[in-house]
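Report on one structure; see the data block that follows.
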Amino acid sequence: MRITLRTFGPLREARAGRGVEFLDVHEGACVGEVVAGLGLPEGLPVACAVNESVVPRATALREGDELALLPPVGGG
Amino acid sequence: MRRLSADPLDVAGVTALVRDPAHGAVLVFEGVARASGQRDPAAVIEHLDYEAWEGPAERAILALESETEARFPGARVRIVHRTGRVAIGEPAVVVAVGAAHRDVAYAASRHAIDTLKATVPLWKKETGADGSTWIDNHP
């Protein structure tokens, strides 16, 4: 199945600046599996949101979901 | 009015939105791009870049305005934040508060900027002579 991956700030740069990508993942894949497979920089705490709601890593993904990876915020 | 702006912020325009005959206090906080680094105060910073999760950030700022007004009855709060490149000396965020008295205005302003920095999905990168660094507000 296909999901949308959105990344921001340092995580977007770690993904070659793409920001929005489409990923093919296996049926029933959970958030934690997908994140672990991305090879993200270590030591950066990352919150995960599915369809704009922050969720635990064990959350199962569904076809068409948007997974957003959120590094610590830095506004202001 | 949109709460995220890719253009320089209109401080007077935002402030005008919180003026009211009932308001004896109008307080404007500007968070300004600083020439020294956040982590390394000796670093010379040339500009900042802000990135937003646009829809959620816009809605988070609107919700923060409402939550602050509910927490401090009588206060009116308007907040605008920059995206994109911000030159040193330019405001990156404006928090304008109008209230009957200064105590409420100061408290509401402090609450609003502290909550924005901790929660709104925005990311900041400092660029100086030594390169670029993403700066977060994580304690």
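Lettering of chains follows the sequences in order, A, B, ..., and the numbering in each one begins at 1.
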For [X], look at atom [atom1] and say whether over 12 heavy atoms of other residues, nucleotides or ligands are found less than 6.0 Å away.
X         : atom1 : answer
Arg34(B)  : CZ    : yes
Arg18(A)  : CZ    : yes
Asp130(B) : CG    : no

Just verifying a value: how many Å separate Trp134(B) CH2 and Glu13(A) CD, rounded to the nearest 0.5 Å?
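Taking CH2 in Trp134(B) and CD in Glu13(A), the distance rounds to 5.0 Å.
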
Give the cluster check for [X] versus [Y]: same hydrophobic cluster or not, with ILVMFWY residues linked at side-chain heavy-atom distances below 4.5 Å.
X         : Y        : result
Val32(B)  : Ile45(B) : no
Val55(A)  : Met1(A)  : yes
Leu5(A)   : Val46(A) : yes
Leu70(A)  : Leu4(B)  : no
Val104(B) : Leu27(B) : no

Is the backbone N or O of Phe8(A) less than 3.5 Å from a side-chain atom of Trp123(B), with the two atoms forming a donor-acceptor pair by type?
no

Please name the pair of heavy atoms, one in [X] and one in [Y], separated by the smallest distance, quoted to 0.1 Å.
X         : Y         : answer
Gly74(A)  : Lys124(B) : O-CB, 3.2 Å
Lys117(B) : Gly75(A)  : CG-O, 3.5 Å
His81(B)  : Gly76(A)  : NE2-N, 2.9 Å
Val73(A)  : Thr119(B) : CG2-N, 4.1 Å

Which residue out of [options] racks up the most heavy-atom pairs below 4.5 Å with chain A?
options                                    : value
Phe29(B), Tyr50(B), Trp53(B)               : Trp53(B)
Leu116(B), Ile113(B), Leu122(B), Thr133(B) : Leu122(B)
Pro56(B), Ala57(B), Pro121(B)              : Pro56(B)

Ala47(A) portion near chain B, given a 4.5 angstrom heavy-atom threshold
neither

Checking Thr7(A) against chain B: side chain, backbone, both or neither under 4.5 Å from a heavy atom?
backbone

Region of Ser132(B) that comes under 4.5 Å of a non-hydrogen atom in chain A:
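Contact with chain A: none, neither part.
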
Segment of Ala52(B) engaging chain A (4.5 angstrom heavy-atom cut-off)
backbone

